[in-house]
Number of protein chains: 2
Amino acid sequence: MQPISIILADAQYLIRVGLRHLMDRMDDIEIVGEAKNGVDLKILLKNQSPDVVILDHLQTNNFGNDVLKKIKDFSPKSKVLIISSDDDKTNIYKTIESGVNSFLTKQCNEEEILNAIRATAKGEKFFCSKVLNFILEKSFAKEEDCDPSPLSPRECEVVKLVAEGKIAKEIADILNLSTHTIYTHRKNIMKKLQLSSTSELVRYAITNGLVTP
Amino acid sequence: MQPISIILADAQYLIRVGLRHLMDRMDDIEIVGEAKNGVDLKILLKNQSPDVVILDHLQTNNFGNDVLKKIKDFSPKSKVLIISSDDDKTNIYKTIESGVNSFLTKQCNEEEILNAIRATAKGEKFFCSKVLNFILEKSFAKEEDCDPSPLSPRECEVVKLVAEGKIAKEIADILNLSTHTIYTHRKNIMKKLQLSSTSELVRYAITNGLVTP
DNA sequence: TGTTTAATTAGACAAATTCTAAATAATGTG
DNA sequence: CACATTATTTAGAATTTGTCTAATTAAACA
């Protein structure tokens, strides 16, 4: 039976040493290449098609944003196992969404890592407990924020203009409305979002990406 | 001649494996203990006093904020070598300021790591090239942003309260001043910062870290 | 077809802000 | 020390902005 072939793509030297040390002891796993950046990885993938690419493409941008696409282009049969140095939920969500097979963080222990490699090679998905909890949290915390923006289109326009620093009169001029209309909209918005001041509205708009700070 | 004694304190299993693998091959270096969190470390330090503690106390908070102080308390002669998974300049500055001997990032290669350990054991300081560049940048990039905040202390207070959503009257009550005082401060602030609306002031405060969004 | 939601507006009144002007204390400069 | 600058403070009048109450129109919905 063929061992599982692995390409190791991680910018951190120590992680590569650690993983190699771990896998060298396993008869069913063989590292066929090691890359410390996207260029290395591309060259390796041109010549071989590993079962699994173990990748840390976050934290430092050594592997570029399109690294996953590149891997699929050069070696469509390869599975991708992320071992991330980044604990940020949003980044983890983004990466999982972009279609990796498995996801570990660097806090994982030997057992989880080896299980993950073997599962990934079989085409299964594997998430370490920490990441799994994040996923569950995202999927089931729907009661909390099922409401990304309960604002009507018109209200959104008003919020944006308010956050840009416009006062009611200016907004009224821009939208060709009465100032009273703007006041009413603004009051309704604040009520919906449970805000009590214009400044809070500005902060809401910034944190929700309605305007660029 | 005695080998350099090391305690390895890192929450990441792979980093510990990698470092151990690296150091086991060196005759002049001996790992006398391994800790994956602050509690482990404390127990180790009660029983031994290593030449060097290799520590990652950032990223995850496994080692607590006062870990450096703890090390100095339990084992004053030990030197601290940080191998950080965190690339954030501000965090790096903060850690260096708090008095560690040496600082590497996890991007460093074998040579830098071994040099760092040997230098640190001798009581020297060692910073990897990346960190060194950060330090230089901080020390010599004074012409660029000599002006982090041209606001007077009082004006800063006012900005914060404005950004928190308070109106002039509330701020006046909080600071025990006349509303007119607040108006004047606010006008001066906006003039200094070349802002034309309260919303812009809020955004200024957020982007400059005066308030947490 | 009635009901809900979105969008719109006015008038009276209340509140917040601007403008003009100025006083005091602290700090720094020649 | 005298002078200039800056920080901090304040008032009154005039103006602007916003709130509250109430209502109309249009669209969407069941």
Side-chain angles (χ1 to χ4, degrees), chain A residues 142-211, chain B residues 142-211:
Chain A
K142 282 278 159 65
E143 265 65 53
E144 299 282 70
D145 67 329
C146 59
D147 234 352
S149 184
L151 301 181
S152 70
R154 199 52 149 179
E155 287 171 338
C156 270
E157 286 186 275
V158 174
V159 171
K160 277 182 206 170
L161 290 165
V162 168
E164 280 171 18
K166 308 271 192 302
I167 58 169
K169 189 178 175 331
E170 295 172 314
I171 299 172
D173 285 346
I174 291 169
L175 301 178
N176 277 105
L177 297 172
S178 148
T179 54
H180 290 95
T181 312
I182 308 305
Y183 292 137
T184 308
H185 280 312
R186 210 174 47 183
K187 202 182 69 184
N188 292 337
I189 292 163
M190 307 240 271
K191 195 179 173 188
K192 277 187 186 176
L193 302 177
Q194 304 211 283
L195 306 174
S196 56
S197 70
T198 311
S199 301
E200 286 180 85
L201 193 55
V202 174
R203 289 159 78 178
Y204 169 89
I206 292 174
T207 52
N208 289 65
L210 291 172
V211 290
Chain B
K142 285 277 160 68
E143 265 65 51
E144 298 284 69
D145 66 332
C146 58
D147 230 349
S149 183
L151 300 180
S152 70
R154 199 52 152 182
E155 288 171 336
C156 271
E157 286 185 276
V158 174
V159 171
K160 278 184 205 166
L161 291 164
V162 168
E164 279 170 20
K166 308 271 193 303
I167 59 170
K169 191 182 174 326
E170 294 173 313
I171 299 172
D173 285 347
I174 292 168
L175 301 178
N176 277 105
L177 296 171
S178 148
T179 54
H180 290 94
T181 313
I182 309 304
Y183 293 136
T184 308
H185 279 312
R186 212 173 46 183
K187 203 182 69 183
N188 292 338
I189 291 163
M190 307 241 269
K191 196 178 172 190
K192 276 188 188 177
L193 302 177
Q194 304 212 283
L195 306 174
S196 57
S197 69
T198 312
S199 303
E200 288 180 82
L201 194 55
V202 174
R203 291 159 75 179
Y204 169 88
I206 292 174
T207 51
N208 287 66
L210 291 171
V211 290

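Chain identifiers are assigned alphabetically (A, B, ...) following the order of the sequence lines, protein sequences preceding nucleic acid strands; residue numbering begins at 1 within each chain.
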Self-check item: Side-chain (B/Glu200) to main-chain (B/Ser196) donor-acceptor, under 3.5 angstrom
Solution: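 Side chain of B/Glu200 to backbone of B/Ser196: a pair is present.
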Quiz item: Do A/Arg154 side-chain atoms and A/His185 backbone N/O form a donor-acceptor pair below 3.5 Å?
Solution: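 The answer is no, because no donor-acceptor pair under 3.5 Å joins these two groups.
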Once you round it to whole Å, what is the distance between [atom2] of [N] and [atom1] of [X]?
X	N	atom1	atom2	answer
A/Ile189	C/dT8	CD1	C1'	14 Å
A/Lys187	D/dT17	NZ	C1'	15 Å
A/Leu195	D/dG18	CG	C1'	17 Å
B/Ile167	D/dT19	CD1	C1'	12 Å
B/Asp173	C/dA15	CG	P	14 Å

Quiz item: What's the verdict on side-chain contact (heavy atoms from CB on, under 4.5 Å) for A/Ile171 and A/Thr179, showing C-alpha distance, side-chain angles and the deciding distance?
Solution: CA-CA 8 Å; A/Ile171 299 172; A/Thr179 54; over 6 Å; no
Quiz item: Is the shortest side-chain N/O distance from A/Tyr183 to OP1 or OP2 of D/dT19 below 4.0 Å?
Solution: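 So the side chain of A/Tyr183 is outside the cut-off, no N or O lying under 4.0 Å from OP1 or OP2 of D/dT19.
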Quiz item: Just to confirm, is there a sub-4.0 Å distance from OP1 or OP2 of C/dT18 to any side-chain nitrogen or oxygen of B/Arg186?
Solution: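 Yes.
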Quiz item: Between A/Val162 and A/Lys166, is a side-chain contact (heavy atoms from CB on, under 4.5 Å) present by the stated rule, with each step listed?
Solution: CA-CA 5 Å; A/Val162 168; A/Lys166 308 271 192 302; over 6 Å; no
Quiz item: Is it true that A/Glu155 and A/Lys192 make a salt bridge, defined as a side-chain N closer than 4.0 Å to a carboxylate O?
Solution: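 A/Lys192 and A/Glu155: salt-bridged.
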Quiz prompt | side-chain contact (heavy atoms from CB on, under 4.5 Å) between A/Arg203 and A/Ile206, intermediate numbers included | solution = CA-CA 5 Å; A/Arg203 289 159 78 178; A/Ile206 292 174; 5.6 Å; no
Quiz item: Where along nucleotides 3-12 of chain D does protein come under 4.0 Å, by heavy atom, of base (B) or sugar-phosphate alone (S), with - for untouched nucleotides?
Solution: ----SSBBBB
